[in-house]
Amino acid sequence: MARYGAQFGPDITFLGVAPCDWANPETYADADVMILGAPFDGGTTNRPGTRFGPQYIRQSCYLTPNGSRPSLALRVDALRDLKVYDAGDVMMYSGDAERSVRDLQHAVYTVTAAGAIPLILGGDHTIAWPDHTGVARQHGFGKVSMIHFDAHADTGDIHLGSLVGHGTPMRRLIESGALRGDRFLQLGLRGYWPDEEVFAWQAERGITSFFMHDVRDLGIREVTTRALAHVGEGPVYVTVDVDVLDPAFAPGTGTPEPGGMTSLDLLWAVREIAATVELVGADVVEVLPTAIGSADITALVAERVVREILTGLAFRTSPARTATA
Ligand SMILES: [Mn+2]
């Protein structure tokens with residue numbers, strides 16, 4: 001199969017990194033990291049449109065797409081220090097959730113098995129199920145911890161009559177054994193969902209949650225330190241729902257919940273995690289573009305989340321490593 005490219009809009013790559021075809025590992029044999037778009041919003045329960053997330057995240061930067069982004073805070077240039085490719089989007093039809101989830105899992109597994117760390121641009125949060133599963137198929141079921149940034153727990157059972165959706169991926173992961181409850185950590189929960197029944201289910205499986213009021217009271221550094229201590233050694237998958245941010249920072253999302261995190265805190269936290277753990281994959285989901293170009297602040301901050309993960313990764317192996325700013 002030849003490179004499929006972008007499902008919507010022009011076939012541009014993330015910040016100008018080299019293109020490749022995920023189905024052909026020979027085209028990215030030396031890859032450290034793979035950007036992969038997952039333009040699926042068939043699991044959305046409210047406002048749709050996250051199928052355009054990958055397209056808008058890729059075009060949100062105001063600088064030249066030259067494959068270089070030196071970090072002022074850490075003095076590393078992840079796009080040059082690491083070998084980063086962009087495989088374009090996995091072909092996903094939002095009207096066929098079963099096929100889309102299967103095909104994305106296959107793509108993520110293929111990339112992971114070839115030795116690259118997949119960074120997936122969503123799409124709604126349904127994709128975390130095939131994303132983590134694809135990674136776990138390579139690293140071992142029950143072996144890959146998950147740090148989950150979100151306003152919502154996403155451990156619902158059945159939504160609108162379906163097992164597949166953006167409110168249920170974490171329950172599917174735990175039921176299948178891909179993810180162990182005691183290796184699953186949620187960060188930023190708030191609002192009015194889910195109910196006690198779901199939290200009782202979570203407690204039975206040893207799931208740990210840090211709520212937004214914990215972030216408010218303890219501060220992001222303390223919460224992140226505790227999160228890192230909880231996941232401990234071994235491979236870690238990070239999933240970032242942009243609705244963990246306050247709607248003031250990320251209004252472009254389907255289920256916005258007031259009282260959320262600041263961009264400054266989230267960007268620091270994802271970078272700190274990527275700089276500390278054995279990161280084996282990550283996704284950034286639920287970007288619902290509302291405007292074109294850098295005027296779209298939600299796509300803008302989502303793209304920076306990806307960039308800070310890359311910066312943390314580069315910093316982890318950098319000889320210049322000292323302390324993070
Ligand atoms: Mn979510």
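Each ligand, and each atom within it, is numbered from 1 in the order the structure gives.
- Each of Leu313, Ile309, Val280, Leu82 was compared with Ile117 under the side-chain contact (heavy atoms from CB on, under 4.5 Å) criterion, and only Leu313 meets it.
- There is no side-chain donor-acceptor pair under 3.5 Å between Tyr4 and Asp21.
- Protein N/O/S atoms closer than 2.8 Å to the Mn ion (ligand 1): His125 ND1, Asp150 OD2, Asp154 OD2, Asp241 OD2.
- Both the sub-6.0 Å distance and the 45° axial angle are satisfied by Lys83 relative to the ring of Tyr85.
- A salt bridge (charged side-chain N to carboxylate O under 4.0 Å, His left out) with Arg51 is found for exactly one of Asp41, Asp124, Asp89, namely Asp41.
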Show me, pair by pair, the donor-acceptor contacts under 3.5 angstrom made by side chains of residues 253-265, not counting sequence neighbours?
| residue | atom | partner | partner atom | Å |
| --- | --- | --- | --- | --- |
| Thr253 | OG1 | Glu286 | O | 2.6 |
| Thr255 | OG1 | Asp243 | OD2 | 3.3 |
| Thr262 | OG1 | Asp265 | N | 3.1 |

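- Aromatic ring orientation, Phe211 versus His213: parallel (interplanar angle below 30°, classes split at 30° and 60°).
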